[in-house]
Each structure stands twice: as C-alpha cells, then as structure tokens.
Protein chains: 2
Amino acid sequence: MKKACQHHHDLAPQDLSSLTSRLRRESRKITGPRAAILEILRHHPHPLTNREIFGELPKGECDLATIYRAMQMLEKLGMVKRFDFGDGAARYELMGEGDDGHHHHLICTQCDTVVEIEECFPAEIEQHIAAKNNFKAVTHRLEFFGICPACQK
Amino acid sequence: MKKACQHHHDLAPQDLSSLTSRLRRESRKITGPRAAILEILRHHPHPLTNREIFGELPKGECDLATIYRAMQMLEKLGMVKRFDFGDGAARYELMGEGDDGHHHHLICTQCDTVVEIEECFPAEIEQHIAAKNNFKAVTHRLEFFGICPACQK
DNA sequence: AATCAGTTGCAAACGATTTGCAATTGAGTC
DNA sequence: GACTCAATTGCAAATCGTTTGCAACTGATT
C-alpha cells in the first residue's frame, strides 16, 4: 500500500473520556500509549494498519509492539474492528459502543483510497447459504476493489 | 488452520496434458516440480496453501520456494485463482480455461472445513456501489464463516 | 506513600513469502 | 543423440507483519 485516505467525516465518533471509561470498566489502565492510539483512531475515518498508527504517533511515543498489543486488546474488548484488505496487514477502525462495526469498504487498487460502504451482503441469501449447508452463526468478510475516479484519468 | 477438507468431487477438472499444453503455449517449461504441483491441485477441490501443497509432495520432490514461484507464475497465467481466508496464508485453486474462477467459500471457524459456494454478491448492487462512487472495474472479495454441522455437536 | 497487577520497551523469535546466485535442466537446434 | 541457452531449481539469506520473553516501569487502589 502506498498513500491512501480521503476524509468523509472528520468528526470524532466518540470522545476520549467515553473510550477511557470503557477501558477502566474492564480494569485496563489508561496509559500514555493507549490514549495516543485511541486519539489517532478517533480522528481517522478509515481502517489503519498498526504501522500507520505508529507513523502518526510522535517519534518516541510508543513501541510498535505496544501498538500490536493494544490493538489486540481493544479488539478483544470490542472497541475496534479488524479489517483485512488482502495485502497482508491488519487494519483497525474504532467502533461505537452498541455497534458491531460490521460494514465494508471500496478500495482503489491503484492509490489505495478507501471509501466506506453501507451496502451489505443480503441477509436472506446468507441465511439460505447457512441453511443449505447446515452451518450456524454464519457471517462474511467482504471488500470491494476497483479504480477510483482520480485514478481513471 | 488445523485440519480441513471435505471432498465434494474428486473428479479432476482437467487433465494434465491440457494443463501442460497451456504452459508450453506460454513457453514455460514442464518441469518435475510443476507437474507434481499441478497433479496435486488437480485432485483437490478446495484451495490449498503453499505449505499444504508442499506437504502433499513426496519429501524431496521440490523446494518450498519453488512452489511459491510456481504458484506466482500460474496465477499470472490465469491457471490458478488465489483466495484469502484471512489467516495470513494464500490459498490456490486450479481454474478452468475459460473460467475466471470467481466464486466464494464457506469456512468452518472451528475445524476449517471448506465448502464451495455458488451464490455471489448481487451484480446490480455491486454496479450501484460502483456508480455511486464513480469507481470503475469493481469486483469483490467475499468469504463466509460459520460453524459446520460436525462442529455444532 | 506503599503496593501490585497491568504495561511497556527492546530484542529475539516466528511464519509466510521473496530473492540472490550458482548449479541444473527442459526444449528446440543441428 | 549431442549442443545451446534461457528458464528453472535448491539453498540460504533477507523481508515483512506479528508475537513473545523478560526485566524495568507505572497507573490505580489502599
């Protein structure tokens, strides 16, 4: 991946205090690195890789391993959602409290611009697939790829 | 991933000679390792990781690096399709000549059983997504996850 | 201020994948 | 059936994303 990003909404989905109280609730410490990571996620509308988060942080702010550990923990607590764009690096997006964070993206294969998509795989078809194969608790992982307006020129 | 597999059809999708002639057509050599790899793919109905292919091969048959190179080449020639189940290992499935190999899977999150799925994301919705965002050449990557009948007991 | 589990930095370890390079080998050519 | 040469291979080292062991450190509570 090279560049990327295209801010649709620069609004913070939730304030830091609400985030930190979620941590406290789980008896997790609010440390400098964690606050900094959450602060970055709060200001990014699209999924970030750990390395991207690392890059956004002031130089000595925190170790890359700490970010990996933090994201793992945040995912376990359901505070971030992990996405996989198929390039071998996990990406994370902050998610609201009640929200399960399930949604998809449209990614430009040339410049890596990301657009959040509201459409989803039709539930009836998914249920049909589950029923036909006798599977339970079926979900899906879905991302779209194409060429963005800018890269078509 | 641990175990896996559940053969729906053990029929070879195409014979070796048709495969090797495709290689010859591209002025690629039919070497021992390549023939062995194709032979394995021919007999597997579900995507295999390079390591799995390696494991199927008689011990000293070929180097793992050779498999990586072979799969890369086969993918470029459009003879295999790469899939990503989100566990960090690429998987490959042999594909027919005219076929673009586009299809999806239903994977058991407990035992890694794989079922090939014929349903696909509705074209109209995909077109709508493409149009709304002014993207061209839009495709998608889609896989389903759930708990298979055997693992529900 | 004392205490202690939860955290962090750092370096080493890992697993998937790639790559440099010298030795080997298909596949036409004579 | 030898000859030639680019394509291919094995092997080891290198990359990349991610994980982990461990000793030092630090929030949060008492």
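For clarity, every value in this text was computed on a predicted model and none was experimentally measured.
As rounded to whole Å, 19 Å separates atom C1' of D:dG10 from atom NZ of B:K59. B:R25 places its CZ atom 14 Å from the P atom of C:dG28, with the value rounded to the nearest Å. Taking atom CZ of residue B:F54 and atom P of nucleotide C:dT17, one finds them 14 Å apart after rounding to whole Å. Atom-to-atom, CD of A:E26 to P of D:dG27 comes out at 20 Å; the value is rounded to the nearest Å. The CD-P distance, from A:E61 to C:dC10, rounds to 13 Å in whole Å. Distance A:L23 CG to C:dT7 C1': 13 Å, rounded to the nearest Å. B:E52 places its CD atom 16 Å from the P atom of C:dG15, with the value rounded to the nearest Å.
In this model, the phosphate group of C:dT8 is approached by a side-chain N or O of A:R34 to a distance below 4.0 Å at OP1 or OP2. In terms of phosphate contacts, A:T31 brings a side-chain nitrogen or oxygen within less than 4.0 Å of OP1 or OP2 of C:dT8.
You'll find that the side chain of A:L64 is closest to D:dT18, out of D:dA12, D:dT18, D:dT8. Closest to the side chain of A:R51, out of D:dA28, D:dG17, C:dT19, is D:dG17. Of all nucleotides listed (D:dA6, C:dA11, D:dA28), D:dA6 comes nearest to the side chain of B:K29.
No side-chain heavy atom of B:L19 sits less than 4.5 Å from a side-chain heavy atom of B:I30.
With a 6.0 Å radius and a threshold of 12 heavy atoms from other residues, nucleotides or ligands, B:K132 has its NZ atom above the threshold. Sparse packing is recorded around CZ of B:R82, with 12 or fewer heavy atoms of other residues, nucleotides or ligands lying under 6.0 Å away.
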Could you walk me through whether B:H140 and B:H104 pass the side-chain contact (heavy atoms from CB on, under 4.5 Å) test, one step at a time?
CA-CA 10 Å; B:H140 57 268; B:H104 311 290; 3.2 Å; yes
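Using modelled atom types, one finds no donor on one side chain facing an acceptor on the other under 3.5 Å when comparing A:E93 with A:H46. Remark: the B:H128 side chain and the B:E124 side chain contain no N/O donor-acceptor pair separated by less than 3.5 Å.
Salt bridge status for A:K76 with A:E26: absent, with no side-chain N to carboxylate O gap under 4.0 Å. With respect to B:E97 and B:R25, a salt bridge is recorded, a charged nitrogen being found less than 4.0 Å from a carboxylate O.
Each of B:G32 and B:Y92 has a nearest nucleotide on DNA chain C; the 5'-most of these lies closest to B:Y92. Between B:D63 and A:R28, the residue whose closest nucleotide on DNA chain C is further toward the 5' end is A:R28.
Within the nucleic acid shown, A:A89 comes within 4.0 Å of sugar-phosphate atoms alone, with no base atom in reach, counting heavy atoms only.
Note on ring orientation: taking the six-membered ring where Trp is involved, the planes of B:F83 and B:H105 are perpendicular (angle over 60°, cut-offs 30° and 60°).
Contact detail for B:P47 and B:R91: the closest heavy-atom pair is CB-CB, 3.4 Å.
Residues from residues 66-75 of chain B that place a heavy atom under 4.0 Å from any atom of DNA chain D, listed by number: B:T66, B:R69. Proximity of residues 76-83 of chain B to DNA chain D (heavy atom under 4.0 angstrom from any strand atom) is not detected for any residue.
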